[in-house]
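Here is the structure we will look at.
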There are 2 protein chains.
Amino acid sequence: MAARGSYEELARHLSGIGAVRREMSRGFPADCPPASAAVLALLHKYGEMRMSRLAELMVIDMSVTSRHVAHTAERGWVERLPDPRDGRSRLLCLTERGRRQLDTLSEATTEALESFLHDWTDDDIARLNGMLARLRESFGDCRARVTRQDTPHPAARHCSRK
Amino acid sequence: MAARGSYEELARHLSGIGAVRREMSRGFPADCPPASAAVLALLHKYGEMRMSRLAELMVIDMSVTSRHVAHTAERGWVERLPDPRDGRSRLLCLTERGRRQLDTLSEATTEALESFLHDWTDDDIARLNGMLARLRESFGDCRARVTRQDTPHPAARHCSRK
DNA sequence: TATTGTTATACTCTATAACTATA
DNA sequence: TATAGTTATAGAGTATAACAATA
């Protein structure tokens, strides 16, 4: 348990971190809002998945997820395939175009972070990543639990279609 | 300079941290959205200030700031006093009601963080705060520079009116 | 009857541009 | 002419609730 002041400082930072995110996404293509970028990044990292799981990973309601995915599907970045094991469900997977789009985004992200964080060492960034991962886990553990099996399996399957 | 993967991970965390912020603000009173809470917190921390400075601290456009402040002023939490030294400017200050509202918010924040971060030590939180402060500074230094003099002066003046 | 996903509606937050009042 | 702040408008993100289709 920490002092009240530390909590208040953390709250201020959390509320201010949105500016960092905004700044970072300024370099994104106009038709690819941050939410779409998140969809692509998660499909790339975790591979093919259903809507409900993507919603869990993004920690937003499935109704919202549905619209984000629709946006990416309209641009041909993601395909919604029928789930052979459940007719209600749809399997999302990154297309070739989606992968290319993600490359563009990744380049913009890296470029921005390299310039902003030029005086951060590798270890600095690794430490920050570690703490943010733990922070998100601490919050995640107290709410809609993400199904374990979520470990980023290296053999993430992707859509094979063009 | 760090590996591309570290930057991508950081980008994912930054995009995911919004969920933490949302979770935290669920305990807030209905008529006090997070942006209003931020206004009150900053006026408390830094004391009386003009619109333009608040906009810099929140890293949002002044037009947006103006509406957030209007929301808090309508509820009697903040007063917009004339600036004796510049007729175009307005000095914002927290009212007594605003301070009480902030107490309520602070209680909700502390309660939420205590429960979510129950297994974090004081040092853990201090380290996270330190890294977030540095992160925000790294981004801030590359854009509209916040005027130095921004150090949280302990003698932050507040509105004396009821 | 319960669950998966979609759509409709409403609210919050942000940015740009046009405007006013003062410097 | 330039600056401080406000307002109008538009776009992105989210949540809730009602709905369709399938389990």
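Protein chains get the first letters and strands the later ones, always in sequence-line order, with residue 1 at the start of each.
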Taking only nitrogen or oxygen atoms into account, show me every contact under 3.5 Å that the protein makes with nucleotides 1-4 of chain D, one pair per line with its distance.
residue: D/dT3; atom: O4'; partner: B/R88; partner atom: NH1; Å: 3.3
residue: D/dT3; atom: O2; partner: B/R88; partner atom: NH1; Å: 2.9

Kindly give the heavy-atom pair with the smallest separation between B/F116 and A/S138, and that separation in Å. O-CB, 3.6 Å
Please list, one pair per line, the donor and acceptor atoms closer than 3.5 Å that link side chains of residues 9-16 of chain B to other protein atoms, with sequence neighbours excluded.
residue: B/E9; atom: OE2; partner: B/H13; partner atom: NE2; Å: 3.4
residue: B/H13; atom: ND1; partner: A/R136; partner atom: NH1; Å: 3.3

For A/S63, which contact category applies under a 4.0 Å heavy-atom criterion: base, sugar-phosphate, or nothing? base
Interface polar pairs with nucleotides 10-13 of chain D, N/O, under 3.5 angstrom:
residue: D/dG13; atom: OP1; partner: A/P34; partner atom: N; Å: 3.4
residue: D/dG13; atom: OP1; partner: A/A35; partner atom: N; Å: 2.9

If you find the nucleotide of DNA chain D closest to A/D61 and the one closest to B/D61, which residue's nucleotide is nearer the 5' end? B/D61
Which whole-number value in Å describes the distance from A/M58 CE to D/dA15 C1'? 15 Å
Got a sec, which residues hit side-chain hydrogen bond (donor to acceptor under 3.5 Å, both in side chains) with B/S63, two or more places apart in sequence or on another chain? B/D61
Figure out the CE/P separation between B/M24 and C/dT12, and round it to whole Å. 18 Å
Can you tell me the distance, in whole Å, between the CZ atom of B/R53 and the C1' atom of D/dG5? 17 Å
What pairs with A/S106 under side-chain contact (heavy atoms from CB on, under 4.5 Å), at least two apart in sequence or on another chain? A/T110, B/R4, B/E8
For A/Q101 and A/C32, which heavy atoms make the closest approach, and how far apart are they? NE2-CB, 3.4 Å
B/R134: side-chain hydrogen bond (donor to acceptor under 3.5 Å, both in side chains) partners, not counting sequence neighbours: A/D124
Students often get this wrong, so: under 4.0 angstrom with heavy atoms, is A/R85 touching a base, only sugar-phosphate, or nothing? nothing
Here the distance between atom P of C/dT4 and atom CG of A/L54, to the nearest Å, is 15 Å
With sequence neighbours left out, what residues match B/R88 under salt bridge (charged side-chain N to carboxylate O under 4.0 Å, His left out)? B/D86
According to side-chain contact (heavy atoms from CB on, under 4.5 Å), who are the partners of B/M131, at least two apart in sequence or on a separate chain? A/W120, A/R127, A/L128, A/M131
Atom NE2 of B/H71 to atom C1' of C/dC13: distance rounded to whole Å? 12 Å
List the atom pairs, with distances to 0.1 Å, where a side-chain N or O of residues 35-43 of chain A and a protein N or O form a donor-acceptor pair under 3.5 Å, not counting sequence neighbours.
residue: A/S36; atom: OG; partner: A/H71; partner atom: ND1; Å: 3.0

